[in-house]
Amino acid sequence: MDILKKLQSGVRLDYEDGLELYGLDLFTLGYFANQKRVAMWGKKVYFNINRHINPTNICKDICKFCAFSANRKSSNPYKYTKDEVLKIAEDACKRGIKEAHIVSAHNKEHDLYWYIDIFKEIKAKFPKLHIKALTAAEVHFLSTLHHLSYDEVLDKMIEAGVDSMPGGGAEIFDEKIRAYICKGKVNSENWLKIHELWHKKGRLSNATMLFGHVEGEKERIDHMLRLRKVQDKTGGFNAFIPLVYQRDNNYLKTDKFLGSGEILKTIAISRLMLDNIPHIKAYWASATLSLAMVAQEFGADDLDGTIEKEAIQSAGGAKSAFGQNLKDFLDIITTSGFIPVERDSLYNELRVYKESGCVVY
Ligand code: V47
């Protein structure tokens, strides 16, 4: 069957189909991805009110693409104390933040028990605050540090109050590219295994893909299909997040500057290939808010959140350091002809806006 017929019939697409999709023109791809998006979510655009907290940037690993780590060109090593993290969480809660997204570098001075204490204290003080914390790369680092199994680390996270896991550390699963860009980090098989174990404990998580560096279309499709396979087994991924590579202040040089057409194509293809992952997040911090909004016409249905303080993409050159205010979200979503929907971290709808500032429920 030719690829257009496959898209029309809605059959599941395989690896070869994925590669063929890149050969289609942007608007054909957008048409089919948008059809799926509208069938699933109508004209709703999801976002949440969240706060990123990155307790340290001192890292034992050396990922070529990372500008956040203190090993990088603009080294500015820091390590928050527990009191500093608690204060950030407390201030954020006063401003109405509903999710703390806590991820960090791999630093043995911030060991598992350091995090466990923090999570417990945050949960005790702010029981309604959703804690989305520790990437699979951190889980791997902490399990190695303490000679604990992944299961044991995940159980301790749950006991301490972690609600969901973020999708970071996935980068690109292809082993050759991974060895080149982030040797020493959790391998692909273990990244997927950790999420599968987490899902089997009844918990949800997200999955990212870092693209626009030295990988190509083949590695992107392969990455999506490895996620789809786990999702077939567990159903535990809430959202897929294609992260646009930021090129400044790091050691991963690329010839190309990823164009907006290629970004939109990849987002549209992810909507078409990942037929079992409910949400596709166009992460405004890495794609820019304007392009993330356009991506809502190309298969995405989510923008991520207000973030307040963004350290990873902005270290690499993105204009995201100070987050995004709620009014900007509401304005850009409504003036683009979509319906803003504030969600919680698990995609339960909290507030649907009819037009900027006007709450439907
Ligand atoms: O894993 C690092 C990426 C990720 C660069 O789960 C870079 O809801 C672009 O995972 N250019 C961390 N990306 C961020 C992340 C995330 C963000 C928002 C929401 C969620 C979620 C997860 O940032 C890392 C890495 O892949 N990253 N350096 C860079 N130069």
Side-chain angles (χ1 to χ4, degrees), residues 46-48 50-54 57 59 61-69 71-74 99-106 130-141 162-173 177-178 181-182 185-186 188 191 195 198 204-215 223 227 236-254 257-258 263 277 279-288 292 300 302-320 323-324 343-347:
Y46 293 98
F47 65 89
N48 72 347
N50 61 350
R51 164 82 200 200
H52 281 196
I53 307 176
N54 308 110
N57 66 349
C59 196
D61 281 319
I62 303 175
C63 298
K64 285 193 171 74
F65 54 79
C66 182
F68 166 70
S69 163
N71 296 322
R72 302 293 85 178
K73 288 183 177 170
S74 37
E99 171 192 287
H101 178 162
I102 306 173
V103 297
S104 227
H106 308 156
H130 181 105
I131 301 180
K132 179 166 86 180
L134 300 185
T135 65
E138 290 173 279
V139 170
H140 172 79
F141 166 70
V162 174
D163 297 290
S164 69
M165 272 179 68
E171 323 311 357
I172 275 284
F173 292 141
I177 303 274
R178 197 170 183 87
I181 66 172
C182 56
K185 199 172 204 166
V186 62
S188 307
W191 190 98
H195 280 264
W198 181 252
L204 298 172
S205 66
N206 291 334
T208 56
M209 173 179 81
L210 181 64
F211 75 111
H213 44 91
V214 293
E215 93 300 346
H223 189 96
L227 289 172
F237 289 118
N238 251 335
F240 175 67
I241 310 158
L243 297 167
V244 179
Y245 174 55
Q246 311 297 316
R247 311 179 334 148
D248 293 348
N249 305 318
N250 66 22
Y251 294 100
L252 181 59
K253 287 303 143 221
T254 58
F257 196 136
L258 196 67
I263 295 171
I277 297 188
H279 297 281
I280 304 292
K281 186 185 286 190
Y283 184 42
W284 69 264
S286 78
T288 74
D302 189 276
L303 290 171
D304 197 75
T306 46
I307 299 177
E308 289 204 337
K309 190 171 183 293
E310 199 287 318
I312 298 174
Q313 309 296 315
S314 55
K319 306 265 181 295
S320 51
Q324 200 71 58
R343 60 165 174 85
D344 69 10
S345 306
L346 304 178
Y347 287 86

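Just so it is clear, the values below take in all heavy atoms, side chains as well, and ignore hydrogens, waters and symmetry mates. Counting starts at 1 for both ligands and their atoms, in listed order. Only a predicted model underlies this, so the values are computations on that prediction, with no experimental measurement involved.
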- Query: Considering only heavy atoms, does Thr135 approach ligand 1 within less than 4.0 Å through its side chain, its backbone, both, or neither?
  - Reply: neither
- Heavy-atom nearest option to atom 25 (C) of ligand 1, drawn from Met165, Met209, Glu171: Glu171
- Message: Classify the ring geometry of His279 against Tyr46: parallel below 30°, tilted from 30° to 60°, perpendicular beyond 60°.
- Response: perpendicular
- Message: So which atom in Ile307 and which in Asn50 form the shortest heavy-atom distance, rounded to 0.1 Å?
- Response: N-OD1, 2.7 Å
- Message: Tell me the protein heavy atom at minimum distance from atom 27 (N) of ligand 1, and give that distance in Å.
- Response: Ile312 CG2, 3.7 Å
- Item | Residue from Lys185, His223, Met209 passing side chain to side chain contact (heavy atoms under 4.5 Å, CB included) with Glu171 | Lys185
- Query: Which ligand 1 atoms does Gly167 reach within 4.0 Å, using its non-hydrogen atoms?
  - Reply: 6 (O), 21 (C)
- CZ of Arg343 to CG of Asn48: how many Å apart, nearest 0.5 Å? 4.0 Å
- Query: Judging by distance only, is a nitrogen or oxygen of His52 under 3.5 angstrom from one on ligand 1?
  - Reply: no
- Message: Below a 4.0 angstrom heavy-atom separation, can you tell me which part of Val103, side chain or backbone, both or neither, approaches ligand 1?
- Response: neither
- Test of proximity, Phe65 against ligand 1: N or O pairs below 3.5 Å: yes
- Message: Quick one: does any side-chain atom of Gln246 pair with a main-chain N or O of Ser286 as donor and acceptor, under 3.5 Å?
- Response: yes
- Query: Is ligand 1 less than 4.0 angstrom away from at least one heavy atom of Lys132?
  - Reply: yes
- Task: Enumerate the atoms of ligand 1 whose separation from the nearest heavy atom of Asp304 is less than 4.0 angstrom.
- Result: 19 (C)
- Per-atom contacts of ligand 1 with Gln246, taking only distances under 4.0 Å to non-hydrogen atoms: 9 (C), 11 (N), 29 (C), 30 (N)
- Item | Residue selection (non-hydrogen contact nearest atom 10 (O) of ligand 1) among Ala136, Ser69, Ser164, Gly168 | Gly168
- What heavy-atom pair brings His195 and Ser205 nearest, and what distance separates the two atoms? ND1-OG, 2.8 Å
- Note on the structure: Note: ligand 1 atoms sitting under 4.0 Å from heavy atoms of Pro166 are 6 (O)
- Enumerated ligand 1 atoms positioned under 4.0 Å from heavy atoms of Tyr283: 17 (C), 18 (C)
- Measure across Ile181 and Val214 and return the closest heavy-atom pair with its distance rounded to 0.1 Å. CG2-CG2, 3.7 Å
- With under 30° as parallel and over 60° as perpendicular, where do the rings of Tyr245 and His213 fit, or are they tilted in between? perpendicular
- Query: What is the minimum heavy-atom distance between Trp284 and Ser320, and which atoms define it?
  - Reply: CZ3-CB, 3.7 Å
- Note on the structure: d(His106 NE2, Asp61 CG) to nearest 0.5 Å is 6.0 Å
- Nearest heavy atom to atom 22 (C) of ligand 1, choosing from His213, Gln313, His101, belongs to His101
- Which atoms from ligand 1 have a heavy atom of Tyr245 less than 4.0 Å away? 9 (C), 11 (N), 30 (N)
- Task: Check Glu138 against Ser104 and note the closest heavy-atom contact, atom names and distance.
- Result: OE2-N, 2.9 Å
- Between Lys281 and ligand 1, does any nitrogen or oxygen pair lie at a separation below 3.5 Å? yes
- What protein heavy atom sits nearest atom 21 (C) of ligand 1, and how far off is it? Ile241 CD1, 3.2 Å
- Query: Near Gly169, which atoms of ligand 1 are under 4.0 Å from a heavy atom of that residue?
  - Reply: 1 (O)
- Message: With a heavy-atom distance limit of 4.0 Å, tell me whether Phe68 approaches ligand 1 through its side chain, its backbone, both, or neither.
- Response: neither
- Task: Considering non-hydrogen atoms only, spot the tightest contact between Cys182 and Cys63 and give its length.
- Result: CB-SG, 3.5 Å
- Where ligand 1 meets Leu243 - atom numbers and elements under 4.0 angstrom, heavy-atom basis: 3 (C), 4 (C), 23 (O), 26 (O)
